[in-house]
Q: 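Sharing a structure here in C-alpha cells format.
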Protein chains: 2
Amino acid sequence: MALSRTSLETAIHEKIRSSGLRLTMPRRAICSVLSAHEEEFLTTSEILSAVEMNGLAIDPSTVYRTLDDFAEIGLVHHIHLGSQPGQWHLTVDHDHQHLVCESCGRTTLVPTIEIEPLFEVLRRSYGFHASLHHFAILGTCADCEPSDGHPHG
Amino acid sequence: MALSRTSLETAIHEKIRSSGLRLTMPRRAICSVLSAHEEEFLTTSEILSAVEMNGLAIDPSTVYRTLDDFAEIGLVHHIHLGSQPGQWHLTVDHDHQHLVCESCGRTTLVPTIEIEPLFEVLRRSYGFHASLHHFAILGTCADCEPSDGHPHG
DNA sequence: GTCGCAGATGCAATACTTCGCAAAAACAAC
DNA sequence: GTTGTTTTTGCGAAGTATTGCATCTGCGAC
Ligand SMILES: [Mn+2]
Ligand SMILES: [Mn+2]
Ligand SMILES: [Zn+2]
Ligand SMILES: [Zn+2]
C-alpha cells in the first residue's frame, strides 16, 4: 500500500540526509510539491510555481540544481513525453511507461512489466539492457490510426 | 543504390520546391551540409558551423526555422540520443534505430526491421503504432553490464 | 526582362537553462 | 548554546532556443 503523504515526505527527507545531502528550505519545498503531486509529472516551471503558491521563494537555478541532485541519488527522475521540456516526478512507484500519440497528444500508460519482455530480444542479440525510464514511446494511438478499425468520433 | 551527392542535392531541391517552399540561399546552404554529412547526425550548431566554413553567413534562428520547415515536409528529422540537443539528418535511408549506453556513451545501430516486431504487441494490445524515429533507446551495453558475461577490458 | 506579393530572413527582444562566485546556511564537534 | 567546515543558495552573466516584426527575396504573372 502507498505511504501517506506525510510519511512519504519523511521517507524522502531520510533519503536526502542519508545520501549526504543537506536538508534545506528549497529542498523541503520541492519535496513537498513532488509529494503532493505524486500521480503527476511536473516541469521545472510547474514545480517552481507550486513552490511559490506555497508562499516560498526560491531561485529557478535552484530548482534545476535540486532536481539534478535528487536524480543523482535516485529520488526523482524525468521523462520526455515529446518535444516538450522534461517532466519530473518521484521515482517511487514509477512502474509504468508512456505511449504518447503524436497526432492527438494523448498519453497511455502501460505497466513496465508488459514492456520489458519486448526488449529481451535486444538483450539476447546485442547484450543491451534497455532502461525504459527516460523517453516515452511515440507513435499513433488507436483513435488516430485511420487504417486500424478504431476511427475517431 | 545510393544517390551521388549532387543528384541527392538535386532531389532535395525538387522536394523543397514541390512542397511549396522556396529555394533560398540559407536553405541551399543547409541542404548542402546535410548532403555532405549523410552518414552523420548533426546538431544545429554543427550545421551552422559547417555553413560558415562554406563561406556563407546565416542567422542561427534561420537554422532552427529551416530545420523545422524541412521536418514538416519529411525531408529531415531529428533524434535525441540522450540529454544532448537533438541531432538532425536527412530522412532518406534512415532505417536504423539507436541503442545508447548510458554508462560509456557508445551507440549501437540496429536495423529498424529488427525492432519493429517488438512493438507489434503494443499494436495488438493498445492499437498503438509506435514510431521509432524520435528517441534513442537508452540502457546499458554488453561491455558495461557486469552481470552479463561481457565484462569490460 | 519587370512587377507584385506571399513567404523567408535577419535582427532584436524574450524566454529558458546553465554556470561562476560570493554570501548564507546546514550540521558536526565542542 | 558557539564555532568551523563544507555545502548550498541567490544573483548575475553567459549560453541556447524561440518569437515578433520590418525588410528583403523567390518566383509566378505578365
Ligand atoms: Mn525532439
Ligand atoms: Mn532528459
Ligand atoms: Zn491519438
Ligand atoms: Zn557501455
Side-chain angles (χ1 to χ4, degrees), chain A residues 10 12-33 41-52 54-73 75-88 134, chain B residues 9-10 12-33 42-52 54-73 75-88 134:
Chain A
T10 304
I12 291 171
H13 292 179
E14 281 292 313
K15 173 139 196 167
I16 291 171
R17 304 287 297 278
S18 68
S19 303
L21 297 180
R22 294 180 182 177
L23 193 50
T24 64
M25 181 278 281
R27 286 174 178 169
R28 286 172 191 272
I30 290 170
C31 287
S32 171
V33 166
F41 301 83
L42 304 176
T43 62
T44 49
S45 76
E46 288 169 338
I47 292 170
L48 184 57
S49 301
V51 167
E52 285 165 356
N54 291 342
L56 300 169
I58 63 182
D59 194 79
S61 66
T62 301
V63 177
Y64 292 110
R65 281 187 289 216
T66 299
L67 290 170
D68 286 342
D69 292 340
F70 285 178
E72 241 165 62
I73 65 174
L75 186 59
V76 301
H77 67 273
H78 71 270
I79 56 173
H80 299 272
L81 297 188
S83 353
Q84 310 127 29
Q87 306 197 344
W88 295 83
H134 195 199
Chain B
E9 280 201 53
T10 304
I12 291 172
H13 291 179
E14 282 291 314
K15 172 138 195 167
I16 291 171
R17 305 286 301 276
S18 67
S19 303
L21 297 181
R22 294 181 181 175
L23 193 49
T24 63
M25 180 280 278
R27 287 176 177 166
R28 286 172 192 273
I30 291 171
C31 287
S32 171
V33 167
L42 303 177
T43 63
T44 50
S45 76
E46 289 169 338
I47 292 170
L48 184 56
S49 302
V51 167
E52 285 164 357
N54 290 342
L56 300 169
I58 64 183
D59 194 78
S61 66
T62 300
V63 177
Y64 292 112
R65 281 187 288 218
T66 299
L67 290 169
D68 286 342
D69 292 341
F70 285 179
E72 241 164 65
I73 65 173
L75 186 59
V76 301
H77 68 273
H78 70 269
I79 56 174
H80 299 271
L81 297 189
S83 352
Q84 310 129 28
Q87 306 197 344
W88 296 83
H134 195 199

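Just so it is clear: chains get the letters A, B, ... in the order the sequence lines come, proteins before strands, and each one is counted from 1.
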Q: Any side-chain heavy atom of P85(B) sitting closer than 4.5 Å to one from T44(B)?
A: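 When only atoms from C-beta onward are counted, T44(B) and P85(B) do not touch, as no gap falls below 4.5 Å.
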Q: Indicate, with a heavy-atom threshold strictly under 4.0 Å, whether S61(B) touches base, sugar-phosphate, or nothing.
A: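 Base, at least one base atom sits under 4.0 Å.
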Q: Name the nucleic acid region contacted by R27(A), choosing base, sugar-phosphate or nothing; use a 4.0 angstrom heavy-atom cut-off, strictly under.
A: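 Here R27(A) touches the backbone only, sparing every base.
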Q: Rounded to the nearest angstrom, tell me the gap between atom CG in L48(B) and atom P in dT16(D).
A: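 In whole Å, dT16(D) P lies 11 Å from L48(B) CG.
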Q: Just how far, in rounded Å, is C1' of dC16(C) from CG of L67(A)?
A: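 Going from L67(A) (CG) to dC16(C) (C1'), I get 15 Å.
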Q: Rounding to a whole Å, what distance do you find between M25(B):CE and dC27(D):C1'?
A: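 Nearest whole value for this atom pair: 17 Å.
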Q: For dT6(D), does the base pair up with any side-chain atom of R22(A) as donor and acceptor (N or O, under 3.5 Å, distance only)?
A: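 Such a pair is found, so the answer is yes.
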Q: Return no unless some side-chain N or O of T44(A) is found under 4.0 Å from OP1 or OP2 of dC16(C).
A: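 It does not, given that no N or O in the side chain of T44(A) lies less than 4.0 Å from OP1 or OP2 of dC16(C).
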Q: Please state how far atom OH in Y64(A) lies from atom C1' in dG20(C), giving the value in whole angstrom units.
A: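 Going from Y64(A) (OH) to dG20(C) (C1'), I get 18 Å.
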Q: I'd like to know if R17(B) reaches the base of dG7(C) with its side chain such that a donor and an acceptor end up less than 3.5 angstrom apart.
A: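 Per atom types, no contact qualifies.
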Q: How long is the line joining CG of L21(A) and P of dT8(D), in whole Å?
A: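 After rounding, the gap between these two atoms is 5 Å.
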Q: Can you tell me the distance, in whole Å, between the CZ atom of R65(B) and the P atom of dG10(C)?
A: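 Distance, rounded to whole Å: 8 Å.
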Q: Which is it for S32(A) and R28(A) under the side chain to side chain contact (heavy atoms under 4.5 Å, CB included) test, yes or no, and what are the steps along the way?
A: CA-CA 6 Å; S32(A) 171; R28(A) 286 172 191 272; over 6 Å; no
Q: Given atom CG of D68(A) and atom C1' of dT18(C), what is their separation to the nearest angstrom?
A: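 Value for this atom pair: 10 Å.
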Q: Using only side-chain N and O atoms of T62(B), determine if any of them is under 4.0 Å from OP1 or OP2 of dG10(C).
A: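 So the side chain of T62(B) is within the cut-off, an N or O lying under 4.0 Å from OP1 or OP2 of dG10(C).
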Q: Evaluate the criterion side chain to side chain contact (heavy atoms under 4.5 Å, CB included) for residue pair I47(A) and L67(A); output intermediate values, then yes/no.
A: CA-CA 10 Å; I47(A) 292 170; L67(A) 290 170; 3.9 Å; yes
Q: Which nucleotide in the list dC27(D), dG20(D), dT9(D) gets nearest to the side chain of L23(B)?
A: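 So the nucleotide nearest the side chain must be dC27(D).
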Q: Would you indicate whether the side-chain heavy atoms of Q84(B) and T43(B) approach each other to under 4.5 Å?
A: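 Side-chain contact under 4.5 Å: no.
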Q: Does the side chain of T24(B) get closer than 4.0 angstrom to OP1 or OP2 of dT9(C) through an N or O atom?
A: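 Answer yes for this pair, as a side-chain N or O of T24(B) is under 4.0 Å from OP1 or OP2.
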Q: dA26(C), dC21(C), dG10(C): which one has an atom nearest the side-chain heavy atoms of P26(B)?
A: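 The answer is dG10(C).
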Q: So if I take every side-chain heavy atom of P85(A) and compare against dT9(D), dG10(D), dT17(C), which nucleotide ends up nearest?
A: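 Looking only at heavy atoms from C-beta outward on P85(A), the closest nucleotide is dT17(C).
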Q: Hey, can you tell me if H78(A) and W88(A) have their rings parallel, tilted or perpendicular (30° and 60° cut-offs)?
A: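 Taking W88(A) first and then H78(A), their aromatic rings sit tilted (interplane angle of 30° to 60°).
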Q: How close or far is atom P of dA22(D) from atom CG of D59(B), stated in whole angstroms?
A: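 Interatomic distance, CG of D59(B) to P of dA22(D): 17 Å.
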